[in-house]
Amino acid sequence: MQDGAISSNTVERLINVVGRKHALTQPADIAPFTADTRGRYDTHSPLVVRPGTVEEVCAVIKIASETKTGVVPQGGNTGLVGAGIPSVEGSGREVILSLGRMNRIINVDAPSNTMTVEAGAVLDSIQKAASDADRLFPLALGSQGTCQIGGNISSNAGGIGVLAYGNTRDLILGLEVVLPSGEIWKGLSNLRKDNTGYDLKNLFIGAEGTLGVVTKAVLKLFPKPKGREVSYIALQSPENALALLNLAKDMAGNGATGFELISKSALNCTINDPVSPQRNPIAGDHPWYVLMEISSGRSTQDARATLERVLTQALALDIIVDAAIAETIAQQNTFWLMRENMSGSQRALGASIKHDISVPVGKIPEFISRADKAVMKIIPQGRIINFGHMGDGNLHYNISQPEGWKTEDFFKHEGVVNDAVFEIVALLGGSISAEHGIGQMKRHRLAALKDPTALAMMRQIKAAFDPEGIMNPHKVL
Ligand SMILES: Cc1cc2nc3c(=O)[nH]c(=O)nc-3n(C[C@H](O)[C@H](O)[C@H](O)COP(=O)(O)OP(=O)(O)OC[C@H]3O[C@@H](n4cnc5c(N)ncnc54)[C@H](O)[C@@H]3O)c2cc1C
């Protein structure tokens, strides 16, 4: 990658590819594309190009390759690790390639249970297209009204459906990708089985735009559940939550489609949300909650009966204290919305040191107990806001700044807190990034903590695909 500023000639050539109407050069127009969701980075770019076709993407990448210009692919820019904005190191010298105009749902093949889409299709429009064909596309995230499938693929997004349907990686059959050379890899397979060598699509899933630009994808669809029941459950401890998870899996099998652990402090964030405060779903004061969803391929009555059986048994075994079942679809949606908005509601408490960790599911209680002790030793006044996809062994283990503290003083502790939390994660055989990725935020952590052989293989793959280092420079590796 080149070190100096991008020449005006290169900028003009790139603008000519997409047309002036689809190129942004004014700082005020570019600002939303360099804004980082968490407000942790202040970076700039001289140009945003918004191609409308794969051929235009190829032409942009060919010019970038020839001129050694860094390119940052961008979807909905909802990522949480600074991956979809220019890097601090390359600020002002990287061009943003925004996929938002390439947003067509190309085809829904209901008999094959597949859908072909362009990378810029917004996730909730994909969910709707699947639903209109009486199918389910199960990827669901709090950012689904803005994030794009290309971004979901490139960050291997998780979300609330992973327990039953897996990560984005499990939902992709084929991809079309523009490689750093400008060539197109036409891997739009819709085969369920294909053992003809290396599984190339998996290299691009979760690559955070460092190996190429995803331009199209073939997605897996599923039958729509006929019934769905959602409940908030109060319990005494994460150990009880683990017991409930296993009970639900035993009794409901694949029907256990959602299982989120929520601490009292996290629930309080949504109850006290300054913009849209929510009602406490369960009377009384409890240290822990679980948001559990049970689905049925047969009927609503079947889902309800299964949920009630699980709750009755859990009460009899003293695993849970109380439960509230949503009585209407609107209430079900509110229950889920409270969970999805938890990060946003937490903002009212000020700055936050965030972790998106995973450990083996059975070790979640041990992780919480060890991490709480370690964090309290470092910042006794810190407010631990802990919630997450317990069914997947993934927690958003966040610490909000103590009341009355200045943000800059709080962030002075970030490195030490992260060291302590990541040490426990490593001890329990976990991962420092379960779903948000590495981006520019956790790059130095990855370099320090990832197995050296794995890192060396990743560097070789990057060098083989992108010898000039033009694709999303200074990210991941
Ligand atoms: C309220 C909220 C809730 C969230 N909940 C979850 C959650 O539950 N689970 C979860 O996993 N994440 C979650 N996220 C994080 C984020 O929404 C996801 O990572 C999402 O998948 C990012 O999609 P995007 O289109 O916004 O991608 P961007 O942020 O634009 O980009 C993300 C990465 O993908 C790359 N990229 C984007 N498009 C392409 C492309 N076409 N080709 C190649 N590379 C590309 C970018 O360069 C960057 O590295 C949440 C975020 C918010 C704000």
Side-chain angles (χ1 to χ4, degrees), residues 32-39 48 51 54 57 61 70-87 94-103 117-124 126 139-162 167-169 171 175-180 185 203-217 258 260 336-337 339-347 354 356 358 387-389 392 394-396 433-441 443 466 471-476:
F33 295 81
T34 55
D36 142 44
T37 318
R38 286 194 171 149
V48 177
V54 64
V57 175
I61 296 295
V71 176
V72 183
Q74 190 178 95
N77 193 17
T78 66
L80 299 170
V81 289
I85 55 168
S87 63
E94 296 169 3
V95 169
I96 296 175
L97 182 117
S98 166
L99 277 295
R101 286 180 60 222
M102 295 174 59
N103 59 5
V117 296
E118 286 187 320
V122 172
L123 177 55
D124 70 2
I126 291 174
L139 183 65
L141 325 175
S143 55
Q144 63 197 26
T146 311
C147 64
Q148 300 172 7
I149 194 68
N152 303 143
I153 291 167
S154 303
S155 58
N156 185 26
I160 56 180
V162 176
N167 287 308
T168 302
R169 191 182 294 288
L171 306 175
L175 291 180
E176 177 187 85
V177 180
V178 174
L179 303 174
W185 174 51
L203 283 176
F204 298 98
I205 301 171
E208 302 186 41
T210 60
L211 297 180
V213 183
V214 175
T215 45
K216 292 192 188 84
E260 302 285 311
W336 270 117
L337 201 69
R339 163 61 190 86
E340 282 162 10
N341 290 347
M342 234 150 239
S343 273
S345 303
Q346 195 196 336
R347 256 180 238 138
K354 291 180 184 280
D356 160 43
S358 65
F387 57 92
H389 315 295
D392 318 325
N394 171 202
L395 289 179
H396 301 308
S433 177
E435 48 176 29
H436 298 158
I438 299 298
Q440 53 187 316
M441 189 175 277
R443 200 158 70 106
D466 184 17
M471 287 307 310
N472 216 0
H474 310 291
K475 309 288 166 54
V476 184

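Each ligand, and each atom within it, is numbered from 1 in the order the structure gives. As the structure is a prediction and not an experimental result, all values here were calculated from the model. What's counted below: heavy atoms across the whole structure, side chains too, no hydrogens, waters or symmetry copies.
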Can you confirm whether Arg443 is buried at CZ, in the sense that more than 12 heavy atoms of other residues, nucleotides or ligands lie under 6.0 Å from that atom?
yes

Spatial distance of atom CD (Glu208) from atom CG (Asn156) [nearest 0.5 Å]:
10.0 Å

Is any N or O atom of Leu141, backbone or side chain, closer than 3.5 Å to an N or O atom of ligand 1?
no

Atom indices of ligand 1, in the order listed, that fall short of 4.0 Å to a heavy atom of Leu80
14 (N), 15 (C), 50 (C), 51 (C)

Atom NE2 in His389, atom OG in Ser358: separation rounded to 0.5 Å?
11.0 Å

Which ligand 1 atoms are under 4.0 Å away from a heavy-atom of Glu208?
47 (O), 49 (O)

Taken to the nearest 0.5 Å, the spacing of Leu203 CG from Trp185 CH2 works out to 8.5 Å

Quick check: do Val72 and Lys475 have side-chain heavy atoms less than 4.5 Å from each other?
yes

Nearest non-hydrogen contact to atom 33 (C) of ligand 1 from the set Ser343, Gly344, Ala140, Ala83 belongs to Ala83

pair Lys354-Gln346: side-chain heavy atoms closer than 4.5 Å:
yes

Going by the atom numbers of ligand 1, which of them fall below 4.0 Å from some non-hydrogen atom of Gly209?
43 (C), 44 (N)

Closest by any non-hydrogen atom to atom 26 (O) of ligand 1: pick that one out of Thr78, Leu99, Leu211.
Thr78

Sub-4.0 Å atoms of ligand 1 with respect to non-hydrogen atoms of Ala119:
41 (N)

Considering only heavy atoms from C-beta outward, does the side chain of Phe33 approach that of Gln74 to under 4.5 Å?
yes

Considering only heavy atoms, which of Ile149, Ile438, Val72, Val214 lies nearest to atom 42 (N) of ligand 1?
Val214

Starting from atom 43 (C) of ligand 1, find the nearest protein heavy-atom neighbour and note its residue, name and distance.
Ser154 OG, 3.2 Å

For ligand 1, which is the ligand I care about here, please tell me if Asn472 has any N or O atom under 3.5 Å from one of the ligand's N or O atoms.
yes

For ligand 1, which atoms have a heavy atom of Ala157 less than 4.0 angstrom away?
11 (O), 21 (O)

